[in-house]
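What follows is a single structure, written as structure tokens, with notes after it.
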Amino acid sequence: MGIPKRQNHKNGVKIGLGELSLVEHALCPLDSRRSLSENLVHSNAYFYTDHNRHQRNAQVRVNAPLGLSASDEFYLWGLLALTCCQQKPTAELFATPHYCLRQLGCINQHGKRGGRQYRKFAESLERLSLVSYSNDAFYDPVRGEHRKVGFGFLSYSLPVNKRSSRAWKIAWDPIFFEFCMSGSQQFRFDLEVYRSLDCASRRLFLLLQKMFSKRLEEARFELRHLAVHVLGFSESLPTKTLMKKCKKTLARLVDSGIIKPSPQFITGKRGGNYRVRVERGAYFATRAEFRLSKDLTSSPLYEPLAAIGLEELAIRRFVRDFDPVLVQEWADITLAAMERKGKKFFRRSPQAYFVDNVQQAAQGNRTPPDWWQELRHSENREKRMGQPASPTPVGEIITQVLGGISGDEAKT
DNA sequence: TGGTTATCGTGAAGACGATG
DNA sequence: CATCGTCTTCACGATAACCA
């Protein structure tokens, strides 16, 4: 077996990681005019059966100070999967945006796509980080019961300088993360299929993925509930329109093999309501397992280490043998020093500096330098200053302030 | 007249190619 | 590899067209 090249061809299915209760309902309206408004409050409800087989109602509330787009869910599920597929998963993901977007299939070396993807990503991240979610009957897979919960999704910290090759840090809310990670229940799905769908179909796909992976053969819904509360269509639309929209969504899922074709998914009124019935499609027969490749470049540590100038073999060794948190930390210190202090900072080379420090730190006899701690503090301060007042796109908050610290940060 | 259906406009978002 | 222009799709309120 040779040294893996920096590549990203289609070995290994890209996966997404969902969450059982969250896919029961829409997190925001599909219509961006409504969902991307500031201080969005989205109230929703869905039904579940408790352990006595009684049907109960769960009330959901999503607060999104910067709004929330239906397409943000793609990043949420994708980043969760990236986090849990690391060699030693923790609730923190250190990765460059380039790494994330490449892993998620948003950019690749053939289809040339650029700046907009990065901006969308940063904006979504900003919106997601501010969301607070509450649910009075959230299913807790660890304890096997429904609980009242309130949590956020994630926090982030990223270099102010857009050109920086230092990794972004994404930290998941501990309670949310625990729900997502809980052992055998991990909710995985094919991210490529997900991506190929429109937002409404994506939501239904996830819900069906959840239902059909339990060996269920069919799923039933009430039309209006499905359209409004699960998919996120506007409640103000007449039932007829919703039916049309649902039919379109179902047709898409048929095309992807997620549900079986049927001449009539929606059957006539019963008790004043339309019933929707779908059957499990071929997709679930063929794609039970999703795994990420163990390719070296699929480690988020790869890019920072490569940016320091380490060889493939050395990177492999660090990824395999050292605590990823430690490696990430010293990679960040080294890159920060390269960007802000220049070459003269290093007695020999950045590589030597990094290698020596990680080894010493692993022994427990070296801690991060003070200048780096201060740098981090000042970066956090700026971020806090930049955020609540104005919804400035993340990458663009202040670069001048830091200009004074170092003269040669432009060159990387 | 009342109700249904078709179409337009707007802003978000994705696909894809050209270019630097 | 990043960036941008352009074309298409989507949701859905508003308006117009249609029909009994």
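Naming convention: chains lettered A, B, ... in sequence-line order (proteins, then strands); numbering from 1 in each chain.
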Report task. Start with the C-alpha distance between A:Trp172 and A:Thr83, add both sets of side-chain angles, then the distance that settles side-chain hydrogen bond (donor to acceptor under 3.5 Å, both in side chains), and finish with yes or no. Result -> CA-CA 9 Å; A:Trp172 297 99; A:Thr83 308; 2.9 Å; yes

Report task. Give the C-alpha distance, both sets of side-chain angles, the deciding distance and a yes or no for side-chain hydrogen bond (donor to acceptor under 3.5 Å, both in side chains) between A:Tyr46 and A:Asn44. Result -> CA-CA 7 Å; A:Tyr46 63 96; A:Asn44 207 341; over 6 Å; no

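What separates CD of A:Gln117 from C1' of C:dG5 is a distance of 13 Å, to the nearest Å. Atom CD of A:Glu73 and atom P of C:dC10 are 17 Å apart (whole Å). Rounded to a whole Å, the CG atom of A:Leu30 is 6 Å from the P atom of C:dC12. One can place CZ of A:Phe74 at 9 Å from P of B:dA15, the figure rounded to the nearest angstrom. Rounded to whole angstrom, the span from the CG atom of A:Leu101 across to the C1' atom of B:dG14 amounts to 14 Å. A:Arg119 places its CZ atom 15 Å from the P atom of C:dA2, with the value rounded to the nearest Å. Summarising the geometry, the separation between CZ on A:Arg202 and P on C:dT9 is reported as 17 Å, rounded to the nearest angstrom. A:Arg195 places its CZ atom 16 Å from the P atom of C:dC10, with the value rounded to the nearest Å.
Nearest to the side chain of A:Ser69, among B:dA13, C:dG13, C:dT9, sits B:dA13. Distances were taken from every side-chain heavy atom of A:Arg102 (C-beta onward) to each of C:dC1, C:dT9, C:dC12; the shortest belongs to C:dC1. Comparing atom distances between the A:Lys120 side chain and each of C:dG13, B:dA13, C:dA11 picks out B:dA13 as nearest. For A:Leu36, taking side-chain heavy atoms from C-beta onward, the closest of the listed nucleotides B:dA13, B:dA6, C:dC12 is B:dA13. Candidate nucleotides C:dG13, C:dT9, B:dA12 were compared by shortest atom distance to the side chain of A:Ser234, and C:dG13 ranks first.
When each of A:Lys240 and A:Arg127 is assigned the nucleotide of DNA chain B with its nearest heavy atom, A:Lys240 is the one assigned upstream, toward the 5' end.
A salt bridge does not link A:Arg224 to A:Glu222: none of the charged nitrogens lies less than 4.0 Å from a carboxylate oxygen.
The base of C:dC12 is not paired with the side chain of A:Arg34 by any donor and acceptor separated by under 3.5 Å.
For the residue pair A:Tyr48 and A:Asp50, no side-chain donor N or O sits within less than 3.5 Å of a side-chain acceptor on the partner.
With a 6.0 Å cutoff to the six-membered ring centre and a 45° limit on the axis angle, A:Arg195 counts as a cation-pi contact of A:Phe74.
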